[in-house]
Chemist: 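Okay, here's the structure, questions in a sec.
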Amino acid sequence: MQNAGKAEEEGGGFLKTLQLGAFFGLWYLFNIYFNIYNKQVLKVFPYPINITEVQFAVGAAVAVFMWISGILKRPKISGAQLVAILPLAIVHTMGNLFTNMSLGKVAVSFTHTIKAMEPFFSVVLSAIFLGELPTVWVGLSLLPIVGGVALASLTEASFNWAGFWSAMASNVTFQSRNVLSKKLMVKKEGQESLDNINLFSIITVMSFFLLAPVTFFTEGVKMTPTYLQSAGLNANQVLTRSLLAALCFHAYQQVSYMILAVVSPVTHSVGNCVKRVVVIVTSVLFFRTPVSPINSLGTAIALAGVFLYSQLKRLKPKPKTA
């Protein structure tokens, strides 16, 4: 009986590992296809605000469908929680918009190399707004990240300042979102806590409504068959790729939250670092991006720094409780 119990436990453990492996595979696959389809659209349709709004629209439609169908439990949310979530939605909107602006100006691989600096901004913003000071070793791990990105930037063939600063702004806004979520999303008595997927879904819906007037008053609504045809573009191709990019965008974020629910933040961070490597390599191969040896070295140093950072974060001493 004991042997049977052990065999069942091992079988269950194997299935869980297999499921987690499948989640990581889907996370990477959806991310790769999002970047490929998104870049293809941005190359011929240089309107990042329209593209970002389409991605939020598709994500919001998927979220509403999941709530209506019962696939995802519809959250009970108070007005106070909505007010607390609003700053998260604002920085989420800005972060995705800046990312698309960068992808439209420079190579996918370069955008993701710059976005490897996320840990640097995470440490700085956490120190300023949360009073969380890093350990000496965590601080030192930021040096190869900053140095690697600087080296890659100096030798990047597609470099331009608009693409560089857009990716940097994306880092600041996304890490601000993480800091705000720690600062604002505290469960209060009598309020139901939101799970990560529902929180992301609500933020996506809010982002759609936040960006809609910005789209209308800046670029105008251009993601229509009539406009695309008048611009001499293949409307079916652009719309299909935009839809696929939007679906992949929402899917990889959902899978990311599903992974985070079953692994530690450190494991998730390591997985995210590997994902960035995979996206950079596949985008270089797919788009045949010219990459010099020094540029490759800079990217490798930056990503190695990110990996080192994620490992050292685990060693950070826990704050003492009274």
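The analysis underlying the following values was restricted to heavy atoms, covering all of them including side chains, and did not include hydrogens, waters or symmetry mates.
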Chemist: Is there a side-chain contact between K115 and F174 (heavy atoms, below 4.5 Å)?
Modeler: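 Sidechains of F174 and K115: in contact.
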Chemist: What residues form a side chain to side chain contact (heavy atoms under 4.5 Å, CB included) with L239, not counting sequence neighbours?
Modeler: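 With sequence neighbours excluded, L239 shows a side chain to side chain contact (heavy atoms under 4.5 Å, CB included) to M223, P225, L228, given in chain and number order.
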Chemist: Using a 6.0 Å cut-off, check whether atom CH2 of W67 has over 12 heavy atoms from anything other than its own residue.
Modeler: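 Counting other residues, nucleotides and ligands, CH2 of W67 exceeds 12 neighbours.
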Chemist: Under the side chain to side chain donor-acceptor pair (under 3.5 Å) definition, can you give me all pairs with a residue in residues 205-218, not counting sequence neighbours?
Modeler: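 Counting only pairs at least two positions apart or across chains, the side chain to side chain donor-acceptor pair (under 3.5 Å) contacts touching residues 205-218 are T93-S207.
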Chemist: Among V123, V124, L142, find the residue that satisfies the side chain to side chain contact (heavy atoms under 4.5 Å, CB included) test when tested with P134.
Modeler: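 Result for side chain to side chain contact (heavy atoms under 4.5 Å, CB included) with P134: V123.
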Chemist: Does any pair with a residue in residues 268-284 pass salt bridge (Lys or Arg N to Asp or Glu O under 4.0 Å), and if so which ones, sequence neighbours excluded?
Modeler: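 Residue pairs with at least one partner in residues 268-284: E118-R276.
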Chemist: Are side-chain heavy atoms of W161 and K105 found at a separation under 4.5 Å?
Modeler: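 A side-chain contact is absent here, since even the closest heavy-atom pair is not under 4.5 Å.
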Chemist: Can you list the residues that meet the side-chain hydrogen bond (donor to acceptor under 3.5 Å, both in side chains) rule with S102, with sequence neighbours excluded?
Modeler: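 Result, side-chain hydrogen bond (donor to acceptor under 3.5 Å, both in side chains) vs S102: T111.
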Chemist: Mind checking whether N31 and C248 have side chains closer than 4.5 Å, heavy atoms only?
Modeler: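 With C-beta onward as the side chain, the pair stays apart.
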Chemist: So, applying side chain to side chain contact (heavy atoms under 4.5 Å, CB included) with I51, which one of L103, L42, V238 is it?
Modeler: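 For I51, the side chain to side chain contact (heavy atoms under 4.5 Å, CB included) check succeeds only for L42.
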Chemist: Is the count of non-hydrogen atoms from other residues, nucleotides or ligands lying under 6.0 Å from I294 atom CD1 greater than 12?
Modeler: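 Counting other residues, nucleotides and ligands, CD1 of I294 stays at 12 neighbours or fewer.
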Chemist: I'd like to check M206 versus F209 (side-chain heavy atoms, cut-off strictly below 4.5 Å). Are they in contact?
Modeler: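 M206 vs F209: side chains apart.
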Chemist: Holding to side-chain hydrogen bond (donor to acceptor under 3.5 Å, both in side chains), I want the full list of residues that pass it with N96, two or more places apart in sequence or in another chain.
Modeler: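 N96 satisfies side-chain hydrogen bond (donor to acceptor under 3.5 Å, both in side chains) with H92 only.
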Chemist: Same cluster or not: are L199 and L86 linked, directly or through other Ile, Leu, Val, Met, Phe, Trp or Tyr residues, by side-chain heavy atoms under 4.5 angstrom apart?
Modeler: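 Cluster IDs for L199 and L86 match.
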Chemist: Indicate whether any N or O donor in one side chain lies under 3.5 Å from an N or O acceptor in the other, for N234 and Q229.
Modeler: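 Their side chains do not contain a donor-acceptor pair, so the 3.5 Å distance test is not met.
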Chemist: Please tell me if the side chains of F98 and P48 come closer than 4.5 Å, counting only heavy atoms from C-beta onward.
Modeler: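 In short, these two side chains do not touch, never coming nearer than 4.5 Å.
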Chemist: If the condition is side chain to side chain contact (heavy atoms under 4.5 Å, CB included), which residues does A231 pass it with, not counting sequence neighbours?
Modeler: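 A231 satisfies side chain to side chain contact (heavy atoms under 4.5 Å, CB included) with Y227, L233 once adjacent residues are dropped.
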Chemist: Answer whether the closest heavy-atom distance between the side chains of N35 and H112 falls below 4.5 Å.
Modeler: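 In short, these two side chains touch, coming nearer than 4.5 Å.
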Chemist: Quick check: F56 with H250 (ring centres under 6.0 Å apart)?
Modeler: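 No, the ring of H250 stays outside the 6.0 Å limit from the ring of F56, centre to centre.
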Chemist: After noting the C-alpha distance and the side-chain angles of Q254 and M66, does the key distance pass the side-chain contact (heavy atoms from CB on, under 4.5 Å) rule?
Modeler: CA-CA 12 Å; Q254 290 275 14; M66 289 174 73; 4.2 Å; yes
Chemist: What residues, two or more places apart in sequence or in another chain, satisfy ring-ring contact (aromatic ring centres under 6.0 Å, His included) together with Y47?
Modeler: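 By the ring-ring contact (aromatic ring centres under 6.0 Å, His included) rule, Y47 matches F45.
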Chemist: So if you build clusters from Ile, Leu, Val, Met, Phe, Trp, Tyr with side-chain heavy-atom gaps below 4.5 Å, do L247 and V205 land together?
Modeler: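 Result: yes, single cluster for both.
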Chemist: Could you note down all residue pairs passing side chain to side chain donor-acceptor pair (under 3.5 Å) where residues 284-294 supplies at least one of them, sequence neighbours left out?
Modeler: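 Listed once each, the pairs would be none.
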Chemist: Would you say the side chain of F65 lies within less than 4.5 Å of the side chain of I71, judging by non-hydrogen atoms?
Modeler: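 Yes. Closest side-chain heavy atoms under 4.5 Å.
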Chemist: Between I85 and I77, is any pair of side-chain heavy atoms under 4.5 Å apart?
Modeler: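 Heavy-atom side-chain distance check passes, below 4.5 Å.
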Chemist: Going by side-chain heavy atoms closer than 4.5 Å, which hydrophobic residues are tied to L154, directly or by a chain of links?
Modeler: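 Other cluster members: none.
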Chemist: Which residues pass the ring-ring contact (aromatic ring centres under 6.0 Å, His included) test with Y33, not counting sequence neighbours?
Modeler: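 Once residues adjacent in sequence are excluded, the partners of Y33 under the ring-ring contact (aromatic ring centres under 6.0 Å, His included) criterion are Y37.
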Chemist: Tell me which pairs pass side chain to side chain donor-acceptor pair (under 3.5 Å) where either residue lies in residues 278-287, with sequence neighbours left out.
Modeler: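 Sorted pair list comes back empty.
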Chemist: Which donor-acceptor pairs under 3.5 Å do the side chains of residues 18-28 make with protein atoms, sequence neighbours left out?
Modeler:
unit_1, atom_1, unit_2, atom_2, d
Y28, OH, G271, O, 2.7

